[in-house]
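Here the structure comes first, spelled out in structure tokens, and everything after it is commentary.
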Amino acid sequence: MAVECVVENGIAKIIIDRPKALNALNSEVLQELKKAIAEIQTRTDIRVLLIQGGGEKSFVAGADIAQMSDLNPLEGSEFGRLGQEVFSSLSELPFPTIAVIQGFALGGGCEIALACDIRIASEKAKFGQPEVGLGIIPGFGGTQRLARLVGPGQAKKLIYSADIISAAQALAIGLVEQVVAPEQLNEAALKLAQMIAAKSPNAVRLAKIAINQGLEGSLEEGMRLEASIFGLCFASPEQKEGMTAFLEKRPAKF
Ligand code: CO8
């Protein structure tokens with residue numbers, strides 16, 4: 001098994017660990033990832049997911065080039081669809097997801113990070129979409145999600161050039177949200193996960209829906225969506241607890 005999933009105190013952790021290929025994604029790893037995501041999808045006890053690569057060197061070094069090298073067009077498009085399906089199920093998880101990136105996040109590895117809500121990286125991490133150097137294009141959502149996250153100009157620069165950039169450069173263009181020293185990475189990711197996990201899970205999930213669905217339409221539609229979801233919050237006991245706790249000058253318990 002290359003994909004492990006553990007849940008502790010409401011925080012799920014998926015680890016992709018295939019050391020002999022720097023955690024590259026072959027179809028077996030993608031199937032395992034699909035299964036792990038399906039298993040946590042409906043769990044109401046999970047408040048946040050951390051996803052990371054095993055070992056020190058690599059988050060995920062991309063799709064498995066050895067496996068892809070002999071694919072025919074039909075097999076290529078099936079492989080692409082499998083990756084897209086897995087990464088879409090990751091991006092559609094109802095709770096927040098954080099990619100914890102200690103090393104290479106290349107090709108499909110960068111695309112996993114893009115499918116998460118938040119990315120925290122070590123200063124040693126490296127990012128890129130090297131596909132055009134292999135005669136293919138990013139096929140696990142990269143052409144779409146990268147442009148949406150960093151804007152079309154920066155996405156085109158990265159994708160056309162296949163350049164590998166540092167964590168500092170990734171932070172500068174908005175490809176990651178936080179960069180920390182390598183030895184602080186796990187602690188920083190856990191701290192953020194714990195902060196999220198301590199808040200109203202219902203409100204956090206609703207905020208994710210409002211942001212993600214709102215981005216699909218116009219600002220006006222997004223505002224209407226926000227107003228409806230805002231109203232919905234008042235149907236939850238968590239709103240009562242959050243506000244009562246404030247008025248009683250005590251921490252809220254969710
Ligand atoms: N696939 C398969 N094997 C890999 C991959 C990979 N993506 N990356 C690394 N490996 C293997 C190497 O072949 C090597 O194996 P071995 O020891 O048996 O020779 C082992 O991992 C260690 O790698 P290196 O010796 O190369 O380690 P270095 O430190 O010298 O280099 C790099 C590290 C820079 C990360 C280098 O391994 C590299 O460039 N890897 C490939 C990165 C890449 O191009 N990734 C993008 C792949 S394409 C992709 O992700 C497309 C996604 C969409 C697909 C849609 C399909 C339709």
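Both counts, for ligands and for their atoms, begin at 1 and track the order of listing. Remember, predicted model here, so these are calculated numbers, not experimental data.
- The closest side-chain heavy-atom distance from Leu190 to Glu187 is not below 4.5 Å.
- Counting heavy-atom neighbours within 6.0 Å of Lys124 NZ, excluding the residue itself, gives a total of 12 or less.
- Near Asp64, the atoms of ligand 1 lying under 4.0 angstrom from a non-hydrogen atom of the residue are 1 (N), 2 (C).
- Ranking the protein heavy atoms by distance from atom 38 (C) of ligand 1 puts Leu106 CD1, 4.7 Å first.
- Side-chain atoms of Arg119 do not come within 3.5 Å of backbone N or O of Gln178 as any donor-acceptor pair.
- There is no protein heavy atom closer than 4.0 angstrom to atom 31 (O) of ligand 1.
- Shown here, atom 10 (N) of ligand 1 is in close reach of the protein: a heavy atom of it lies under 4.0 Å off.
- Evaluated by nearest non-hydrogen atom to atom 49 (C) of ligand 1, the leading choice among Ala21, Ala66, Ala61, Ala63 is Ala63.
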Check residues 201-219 and write down every donor-acceptor pair under 3.5 Å in which the side-chain atom is one partner and the other belongs to a residue at least two apart or another chain.
from, atom 1, to, atom 2, distance (Å)
Asn202, ND2, Ser236, OG, 3.3
Arg205, NH2, Arg43, O, 3.4
Arg205, NH2, Ile46, O, 3.1
Lys208, NZ, Leu93, O, 2.8
Lys208, NZ, Phe95, O, 2.9
Lys208, NZ, Asp117, OD2, 2.9
Ser218, OG, Glu221, N, 3.1
Ser218, OG, Glu221, OE1, 3.4

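- Environment of CD in Glu123: crowded, with over 12 heavy atoms of neighbouring residues, nucleotides or ligands closer than 6.0 Å.
- Distance from atom 53 (C) of ligand 1 to its nearest protein heavy atom, with residue and atom name: Gly139 N, 3.3 Å.
- Residue Gln67 places no heavy atom under 4.0 Å from ligand 1.
- Remark: ligand 1 atoms within the under-4.0 Å shell around heavy atoms of Gly80 are 57 (C).
- Side-chain contact between Ile173 and Leu158: present, with at least one pair of heavy atoms (C-beta onward) separated by less than 4.5 Å.
- Nearest approach of Cys110 to Phe127, heavy atoms of both residues: SG-CD2, 4.5 Å.
- Here is the list of ligand 1 atoms found below 4.0 Å of a heavy atom in Glu111: 52 (C), 53 (C).
- By the 6.0 Å contact criterion, CD on Glu183 is enclosed, its count of non-hydrogen atoms from other residues, nucleotides or ligands being greater than 12.
- When only non-hydrogen protein atoms are considered, atom 36 (C) of ligand 1 lies nearest to Leu22 CD1, 4.7 Å.
- Remark: ligand 1 and Ile136 share no N or O pair separated by less than 3.5 Å (distance only, no angle test).
- Within the 4.0 Å heavy-atom cutoff, Gly76 counts among the residues contacting ligand 1.
- Considering only heavy atoms from C-beta on, Lys35 stays 4.5 Å or farther from Leu30 through its side chain.
- Taking a distance limit of 4.0 Å, we find that atom 7 (N) of ligand 1 is approached by some protein heavy atom.
- Checked against a 3.5 angstrom limit, the closest N/O atoms of Lys57 and ligand 1 fall inside it.
- Annotation for Phe104: hydrophobic cluster partners, listed by chain and number, are Leu22, Leu106, Ile164 (ILVMFWY side-chain heavy atoms under 4.5 Å, direct or chained).
- Under a 4.0 Å heavy-atom criterion, Met68 is in contact with ligand 1.
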With side-chain contact (heavy atoms from CB on, under 4.5 Å) as the criterion, how do Asp163 and Lys157 come out once you've worked through the C-alpha distance, each side chain's angles and the decisive distance to 0.1 Å?
CA-CA 8 Å; Asp163 195 15; Lys157 186 171 175 236; 5.8 Å; no
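- For atom 25 (O) of ligand 1, the nearest protein heavy atom is 4.0 Å or more away.
- Across every non-hydrogen atom of Ala189 and Ile98, the tightest pair is O-CD1, 4.5 Å.
- The protein heavy-atom contact nearest to atom 44 (O) of ligand 1 is Pro130 CG, 3.5 Å.
- In terms of polar-atom proximity, defined here as any N/O pair under 3.5 Å, Gly62 makes no such contact with ligand 1.
- Protein non-hydrogen atoms do not reach within 4.0 Å of atom 40 (N) of ligand 1.
- The contact set between ligand 1 and Gly108, taken as ligand atoms under 4.0 Å from a residue heavy atom, comprises 49 (C), 50 (O), 52 (C).
- Checking atom 18 (O) of ligand 1 against the protein gives no heavy-atom contact under 4.0 Å.
- Here is the list of ligand 1 atoms found below 4.0 Å of a heavy atom in Phe79: 56 (C).
- At a heavy-atom cutoff of 4.0 Å, ligand 1 is contacted by no atom of Leu71, backbone or side chain.
- The protein heavy atom nearest to atom 48 (S) of ligand 1 is Leu134 CD1, 3.6 Å.
- Annotation for ligand 1: atoms under 4.0 Å from non-hydrogen atoms of Gly107 are 46 (C), 50 (O).
- Residues Gln67 and Ser27 have side chains that bring a donor and an acceptor to within less than 3.5 angstrom of each other.
- Residue Gln129 places no heavy atom under 4.0 Å from ligand 1.
- Shortest contact from atom 14 (C) of ligand 1 to any protein heavy atom: Lys20 O, 4.3 Å.
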Show your reasoning for whether side chain to side chain donor-acceptor pair (under 3.5 Å) applies to Gln169 and Ser166.
CA-CA 5 Å; Gln169 288 170 295; Ser166 66; 3.2 Å; yes
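- There is a protein heavy atom less than 4.0 angstrom from atom 56 (C) of ligand 1.
- Among the atoms of Ile65, some N or O lies under 3.5 angstrom from an N or O of ligand 1.
- Within a 6.0 Å sphere centred on CD of Glu220, other residues, nucleotides and ligands contribute 12 heavy atoms or fewer.
- At least one protein heavy atom sits closer than 4.0 Å to atom 21 (O) of ligand 1.
- Scanning the protein heavy atoms around atom 51 (C) of ligand 1, the nearest turns out to be Glu131 OE2, 3.3 Å.
- Inter-residue side-chain proximity for Phe87 and Leu114 is flagged as unmet; no heavy-atom pair is nearer than 4.5 Å.
- For the pair Ile11 and Arg47, the minimum side-chain heavy-atom distance is 4.5 Å or more.
- Ile37 and Val48 fall into different hydrophobic clusters, defined by Ile, Leu, Val, Met, Phe, Trp and Tyr side-chain heavy atoms under 4.5 Å apart, directly or through other members.
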